[in-house]
Amino acid sequence: QVQLVESGGGLVQVGGSLRLSCLTSESAYSLATMGWFRQTPGREREFVAAIRSTGSNTFYDNSVKGRFTISRDNAKNTMYLQMNNLTPEDTATYYCAAKGGRIIQSALSSPTQYSYWGQGTQVTVSS
């Protein structure tokens with residue numbers, strides 16, 4: 001099966017930045033859709049951002065739009081999430097997700113649409 005491995009999480013202060021990475025075990029060219037989700041205790045898994053295979057189309061939840069940037073480098077089999085101007089509300093476990101096929105735009109925010117998941121990386125924003 002496809003493995004996804006997140007890295008780059010850690011502890012940062014309010015207003016700081018982090019860049020998360022998601023390394024895939026197979027060619028990223030075969031993963032038409034990739035995305036990031038996050039989850040905190042007692043809450044549902046929340047959509048953060050998604051990206052098409054070419055990187056030309058990106059989608060964001062309103063809570064991160066303007067602060068986070070999703071990108072991918074298929075030659076490196078890696079997807080990224082650049083997070084700027086972090087707030088305590090961004091504290092969560094962040095998960096990488098992917099699917100070999102296309103996911104229609106209206107369904108990109110649904111975790112059930114994705115076939116593969118990473119184990120998560122913790123992001124903590126302190127005040």
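What's counted below: heavy atoms across the whole structure, side chains too, no hydrogens, waters or symmetry copies.
In this structure, Leu31 is a member of the same hydrophobic cluster as Ile70, with clusters built from ILVMFWY side-chain heavy atoms closer than 4.5 Å. There is no path of hydrophobic side-chain contacts, each under 4.5 Å, that joins Phe37 to Ile51.
Val123 meets the side chain to side chain contact (heavy atoms under 4.5 Å, CB included) test with Leu18, Leu20, Met83, Tyr94, Val125; sequence neighbours excluded.
Under the 3.5 Å distance criterion, with hydrogens and angles disregarded, no donor-acceptor pair is assigned to the side chains of Gln39 and Thr93. Judged purely by distance below 3.5 Å, without hydrogens or angles, the side chains of Thr78 and Asp73 never pair a donor atom with an acceptor atom. There is no side-chain donor-acceptor pair under 3.5 Å between Thr24 and Glu26.
Checking side-chain atoms of Ser110 against main-chain N and O of Ala107 turns up no donor-acceptor pair under 3.5 Å. Remark: side-chain polar atoms of Tyr114 are paired, donor with acceptor, to backbone N or O of Leu108 under 3.5 angstrom. A donor-acceptor contact shorter than 3.5 Å is absent between the side chain of Asn57 and the backbone of Arg52. The closest donor-acceptor contact from the side chain of Arg67 to the backbone of Asn85 lies under 3.5 Å. Between the side chain of Glu6 and the backbone N or O of Gln119, at least one donor-acceptor pair lies under 3.5 Å.
Taking the centre of each ring, Tyr60 and Phe47 stay at or above the 6.0 Å mark.
Under the 6.0 Å distance and 45° angle rule, Arg72 does not count as a cation-pi partner of Tyr80.
Contact of the Trp36 side chain with the Cys96 side chain is registered, since non-hydrogen atoms from C-beta on lie closer than 4.5 Å.
Counted within 6.0 Å of CD on Gln3, heavy atoms from surrounding residues, nucleotides or ligands total 12 or fewer; the atom is thus considered open.
From Phe68, atom CZ reaches atom CZ of Arg19 across 14.5 Å, with rounding to the nearest 0.5 Å.
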